[in-house]
Amino acid sequence: MAPNRHRPFGIRAAALSRREFLVRAGAGAAALFVPSIQPMSLSRLLGEVVRPSPHADDSVVVRWNEAALQGVRESKLGPPMVARALAIVNTAAFDAWAAYDHRAVGTCLGPALRRAPRERTLANKEIAVSYAAYRAAVDLFPGSTTTVFDPLMRNLGLDPNNRNTDLTSPVGVGNVAAAALLDFRHSDGANQLGGYSDYTGYNSPNDPMDIRLPFEPKGVHDPNAWQPLRYADKSGSTVTPNFVGAHWQHVTPFALSSSSQLRSTTGPARFGSFEYLAQARALVELSGGLTDEHKMIAEYWADGPNSELPPGHWDLFAQFVARRDNHGDGERGVDADIKLFFALTNAIFDASVCCWDNKRMFASVRPITAIRYLFIGQRVRAWGGPYRDTQFIDGATWFPYGPTWFPTPPFPEYSSGHSTFSAAGAEVLRLFTQSDRFGLSATFPAGTSKIEPGTVPASDLTLSWATFSEAADQAGMSRRYGGIHFEQADLDARNAGRLVARQAWAKAQSYFAGGKAVERWT
């Protein structure tokens, strides 16, 4: 696809969620929202819910992708589970679409679903894609069936209860394609049917740290190892989450030969080394030098609970690209979007497998533990907490820039999920558009911080990304500003994410071209 030459868009975020300003940005200056009776696009802004309307000319592929993202927002899945779920929804849609393409083949049934040339119409593609995406979405996000997926089916004029499996009908093609994929994925090692619970028996050697109490170094039995945290969540309930996705290295990937294919050969710095102390000092120094821009970067990319999470963030960017490049809702748009989201979500899914393999292999310590353990009783210059700016504090009280109700994600530090997901997403968007040019910006009015509302930023602040790579790099850096990751975990993960994406892109292209790679996601 030829590079698009639109100028960058700049969007004010005064009363907009990230979802809403991406919708508006994709429309350009001449178009705002269009009326819609479809209530599927819920989004967040400072804890409030808004209902932006989708574009009138979004393809059915984009509409199902947005529906899946809403399923993510309404679920409580962790990042690797979200990456897998989005890949399954978009792969089911791709497999159904491929039946009506003259060349492409699906991932599970290959050319067995191929329909005759006379059946290869836009209408049949849209119906098959919708039934496949619906069946997969309901399987993965059952709690959103009546609120999101059924309304979308009815809006499209389709009966969600039609379970026809006759392959002469696009309904049957969609249902059969989804069933084959779900049958495979239900036994892929993710333990979806078991609630994604860990079956490997992982337990941290460290006692949980209650962030509401003074730090107790005796609870850190291994300063190299991840430590669970105990805190009050957003509802006020005390929680002590364990390692989310401790079994993920056993999940069958899309293009990687194995979960360990890109495993780090060095791993994170070890306690007692110069590097271990240096990385902690570097992060404390970053904390002590946070500017309003750094803080808003950390907040924008945080993608915590009830958001699209890091994997879904890049789906939003892909939706922007589809609108920016005028894919539209005709056959050209459906064909382009089905390939875009298939390649993107599977690259990000493989990024989850690669990243969580490192997390499980090294089970490494988070900054909140390492910094407190190293600097207890020492004065360090760092962010002092909301509205307290930079000051000298006891190292044992150091805290990441973020909310107390979600201090640090519940899994080990090395390597960075944000960095792996973002580098993979950026690389696929670059390869798909044949250009690294992005051209998106977001402006945050004064005082709209979620951590320090009313004071940060002191004046309107704009984040802009000229290229996909720049956006990915900022996403990785945001976790260092936020005190969530050390530098090595960020940089190593960026490199791994790009490598993952290139493999996934090559595998996706083989399906586009009807090549030999039609075995089940090997």
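Both backbone and side-chain heavy atoms feed into the values below; hydrogens, waters and symmetry mates do not.
- When ring centroids are compared, F362 and Y414 come within the 6.0 Å threshold.
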Donor-acceptor pairs under 3.5 Å, side chain of residues 238-245 to any protein atom, not counting sequence neighbours: which ones?
| residue | atom | partner | partner atom | Å |
| --- | --- | --- | --- | --- |
| T238 | OG1 | R212 | NH1 | 3.0 |
| T240 | OG1 | R230 | NE | 2.8 |

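- Here the straight-line distance linking atom CG of D350 with atom CG of L256 works out to 4.0 Å at 0.5 Å rounding.
- The closest side-chain donor-acceptor pair between T467 and S469, if any, does not fall under 3.5 angstrom.
- To the nearest 0.5 Å, the span separating CG on L461 from OG1 on T448 amounts to 8.5 Å.
- Screening L86, V89, I88 for a side chain to side chain contact (heavy atoms under 4.5 Å, CB included) involving T345 leaves a single residue, L86.
- In this structure, L69 CG and R73 CZ are separated by 5.0 Å, a value rounded to the nearest 0.5 Å.
- For residues 187-200, every residue pair satisfying the salt bridge (Lys or Arg N to Asp or Glu O under 4.0 Å) rule, not counting sequence neighbours, is listed here: R84-D188, R185-D188.
- Minimum interatomic distance between Y401 and A298 (heavy atoms only, all atoms of both residues): CD2-CB, 4.1 Å.
- With rounding to the nearest 0.5 Å, the separation of CD in E413 from NE2 in H485 is 5.5 Å.
- Listed by chain and number, the residues in a ring pair (Phe, Tyr, Trp, His ring centres under 6.0 Å) with F341 amount to none (sequence neighbours excluded).
- Ring to ring, F320 and F438 are close: their centroids are under 6.0 angstrom apart.
- Applying the salt bridge (Lys or Arg N to Asp or Glu O under 4.0 Å) test to residues at least two apart or on different chains, the pairs with a partner in residues 354-370 are R263-D357.
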Table please: side-chain donor-acceptor pairs of residues 271-280 below 3.5 Å, with sequence neighbours left out.
| residue | atom | partner | partner atom | Å |
| --- | --- | --- | --- | --- |
| S273 | OG | R270 | O | 2.6 |
| S273 | OG | Y276 | N | 3.1 |
| Y276 | OH | P223 | O | 2.5 |

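- Residues H186 and D139 have side chains that bring a donor and an acceptor to within less than 3.5 angstrom of each other.
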Without placing hydrogens or testing angles, list every side-chain donor-acceptor pair under 3.5 Å for residues 471-483, not counting sequence neighbours.
| residue | atom | partner | partner atom | Å |
| --- | --- | --- | --- | --- |
| D473 | OD1 | R494 | NH1 | 3.2 |
| Q474 | OE1 | W301 | NE1 | 2.9 |
| Q474 | OE1 | W465 | NE1 | 2.8 |
| S478 | OG | A475 | O | 2.6 |
| R479 | NE | H418 | ND1 | 3.3 |
| R480 | NH1 | D490 | OD2 | 2.8 |
| R480 | NH2 | E487 | OE2 | 3.4 |

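- Between P305 and W405, some side-chain heavy-atom pair lies under the 4.5 Å cut-off.
- Contact check for W356 versus S259: no side-chain heavy atoms found under the 4.5 Å cut-off.
- The one candidate from I368, V220, D394 that meets the side chain to side chain contact (heavy atoms under 4.5 Å, CB included) condition with F215 is V220.
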